[in-house]
Amino acid sequence: MKRHFIYGCKVDFYTVLCTEITTAIFLPLRYPWERFPASETSTIIKLSDGYEIQGNLDAKLLIMTEHGIKEAELPFKQKGNRFYCDLRELLNDLKIPYEECSGKACDDSYWQQRDYTSEVLYCKDGLMEHMVSPYWGEQYELYFANRKYQPSADGHEIKILRWNHCDARTWTTLEPWFRYLIRTRRKVDPGNFTRMLRDLDKRDMRLYMRQNGKGYDWVDYKDWFYMR
């Protein structure tokens with residue numbers, strides 16, 4: 001199946017606005033040859049009093065569902081020399097329940113756009129995400145949103161593959177694997193993962209997979225394939 005992939009950034013805001021459905025702001029990557037208004041430097045997505053995202057006019061709200069990732073346009077309004085959108089108004093229009101939170105995380109830090117922004121490669125059925133943290137270093141995830149295209153191991157669907165403490169070359173090595181795995185529904189086995197880990201020069205991998213009809217849970221791939 002032909003898919004449209006987009007590079008950009010994902011901004012999470014769950015410590016400020018906690019939505020009942022998983023959501024995030026997607027900011028498509030802008031290239032030097034693309035033209036856009038100079039005033040976009042003042043494009044604001046308001047989360048709540050005291051919290052806002054600096055974005056661009058192509059920003060979208062991503063809504064994660066079992067049928068894939070849906071996009072919602074942000075209703076920007078021009079006010080003087082800037083563009084402005086109140087995300088709470090859009091959530092109300094889309095009938096997505098949410099709760100306003102303090103912005104405080106479990107480590108007592110407060111929300112900042114820089115800390116909650118990750119690089120992603122995105123299509124309607126999933127995304128590849130690169131995050132950086134003092135706890136897990138450079139982390140990569142392959143997230144298969146559309147259950148129809150989630151890879152499976154022994155009949156157990158895998159929603160997320162995760163690697164911590166990666167190096168700078170991981171993106172270019174992992175992107176072909178993401179495009180391969182999301183192209184169609186795949187059955188994976190130890191051989192698939194051995195080749196993937198060899199390419200990534202990694203030994204450890206975490207899987208967020210369905211457990212005998214009891215929902216998803218995190219497992220180590222070696223525990224799953226070799227110690228059952």
Side-chain angles (χ1 to χ4, degrees), residues 5-30 40-65 69-76 82-92 94 96-124 126-145 159-168 170-171 174-175 178 206 208 216 218:
F5 290 90
I6 307 174
Y7 294 93
C9 293
K10 181 169 73 73
V11 185
D12 292 308
F13 49 81
Y14 49 83
T15 62
V16 179
L17 291 179
C18 182
T19 55
E20 193 171 283
I21 304 171
T22 303
T23 56
I25 294 295
F26 178 70
L27 305 176
L29 179 66
R30 281 291 180 75
E40 274 204 16
T41 56
S42 298
T43 301
I44 303 298
I45 304 166
K46 184 176 181 180
L47 301 176
S48 66
D49 294 339
Y51 292 102
E52 59 188 28
I53 293 172
Q54 296 277 346
N56 59 53
L57 291 179
D58 291 329
K60 292 179 174 58
L61 176 68
L62 301 186
I63 306 167
M64 317 298 183
T65 76
I69 303 175
K70 297 181 180 179
E71 295 180 348
E73 299 289 336
L74 298 179
F76 286 106
R82 74 172 190 169
F83 293 88
Y84 174 89
C85 169
D86 192 326
L87 187 59
R88 294 169 296 185
E89 294 179 3
L90 177 60
L91 294 174
N92 287 331
L94 296 173
I96 297 177
Y98 67 89
E99 178 182 353
E100 292 192 36
C101 305
S102 66
K104 190 175 182 179
C106 56
D107 62 357
D108 290 333
S109 64
Y110 282 88
W111 186 93
Q112 296 185 59
Q113 182 173 342
R114 178 187 64 250
D115 298 332
Y116 285 80
T117 297
S118 58
E119 298 175 281
V120 296
L121 172 63
Y122 158 73
C123 73
K124 66 178 182 178
L127 56 82
M128 184 178 89
E129 183 171 11
H130 171 219
M131 298 162 279
V132 181
S133 164
Y135 308 107
W136 55 70
E138 295 199 31
Q139 176 177 285
Y140 282 82
E141 286 189 355
L142 301 187
Y143 173 68
F144 305 94
K159 195 169 191 175
I160 302 174
L161 299 175
R162 175 185 288 174
W163 303 265
N164 295 334
H165 303 291
C166 297
D167 58 37
T170 299
W171 183 287
L174 191 57
E175 181 177 330
F178 174 58
R206 300 281 290 171
Y208 191 59
Y216 294 89
W218 286 102

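Positions are given from 1 along the sequence.
Aromatic pair Y116/Y14: centroids less than 6.0 angstrom apart.
The shortest side-chain heavy-atom distance between Y208 and Y143 does not fall under the 4.5 Å cut-off. Between P28 and N56, the closest side-chain pair of non-hydrogen atoms falls below 4.5 Å. Using a 4.5 Å heavy-atom cutoff, the side chains of I160 and Y216 are not in contact. Residues L142 and W163 meet the side-chain proximity criterion, which asks for heavy atoms closer than 4.5 Å. With contacts defined as side-chain heavy-atom distances shorter than 4.5 Å, the pair Q139/E129 does not qualify. Between Y122 and K60, every side-chain heavy-atom pair lies at or beyond the 4.5 Å cut-off. Between M128 and W171, some side-chain heavy-atom pair lies under the 4.5 Å cut-off. Side-chain contact between F178 and F5: present, with at least one pair of heavy atoms (C-beta onward) separated by less than 4.5 Å.
Here CD of E52 is found 8.0 Å from CG of L47. Values are rounded to the nearest 0.5 Å. Here the CD1-SG distance, from I25 to C85, works out to 7.5 Å after rounding to the nearest 0.5 Å. To the nearest 0.5 Å, atom CH2 of residue W136 and atom CG of residue N164 are 8.0 Å apart. With rounding to the nearest 0.5 Å, the separation of CZ in F26 from SG in C9 is 8.0 Å. For the atom pair CG of L91 and CG of L17, the computed distance is 6.5 Å after rounding to the nearest 0.5 Å. Interatomic distance, I6 CD1 to L127 CG, rounded to the nearest 0.5 Å: 11.5 Å.
A 6.0 Å sphere centred on NZ of K70 holds no more than 12 heavy atoms belonging to other residues, nucleotides or ligands.
V132 and E138 make their closest contact through CG2-CG, 4.2 Å (heavy atoms, listed as atom of the first residue, atom of the second, distance). Across all their heavy atoms, V16 and G103 have their closest contact at CG2-CA, 4.0 Å. Heavy-atom minimum distance, L90 versus E73: CD2-O, 3.8 Å. Across all non-hydrogen atoms, the minimal contact from M131 to S118 is CG-CB, 3.5 Å. Looking at every heavy atom in both residues, I44 comes nearest to F76 through O-CE2, 3.8 Å. Summarising the geometry of Y51 relative to Y110, their closest heavy-atom pair is OH-CD2, 3.4 Å, with the distance given to 0.1 Å.
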Worksheet entry | Worked check of side-chain contact (heavy atoms from CB on, under 4.5 Å) between M64 and T23 | CA-CA 6 Å; M64 317 298 183; T23 56; over 6 Å; no
Fill in: Stepwise side-chain contact (heavy atoms from CB on, under 4.5 Å) test for L74 and L87
CA-CA 8 Å; L74 298 179; L87 187 59; 4.2 Å; yes
Discussion item. Using the rule given for side-chain contact (heavy atoms from CB on, under 4.5 Å), can you reason through V11 versus I45, listing the C-alpha separation, both sets of side-chain angles and the distance that settles it, and then say yes or no?
Written reply: CA-CA 11 Å; V11 185; I45 304 166; over 6 Å; no
Item to complete: Any chance you could lay out the side-chain contact (heavy atoms from CB on, under 4.5 Å) test for T117 and L27, step after step, and finish with the verdict?
Response: CA-CA 10 Å; T117 297; L27 305 176; 6.0 Å; no
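Just one residue in the list R206, R162, H130 forms a side chain to side chain donor-acceptor pair (under 3.5 Å) with E141, and that residue is R162.
Checked for salt-bridge contact, D12 and K10 meet the test: a charged N lies under 4.0 Å from a carboxylate O.
At a cut-off of 3.5 Å, with distance as the only test, no side-chain donor of E100 or S48 sits close to an acceptor on the other residue.
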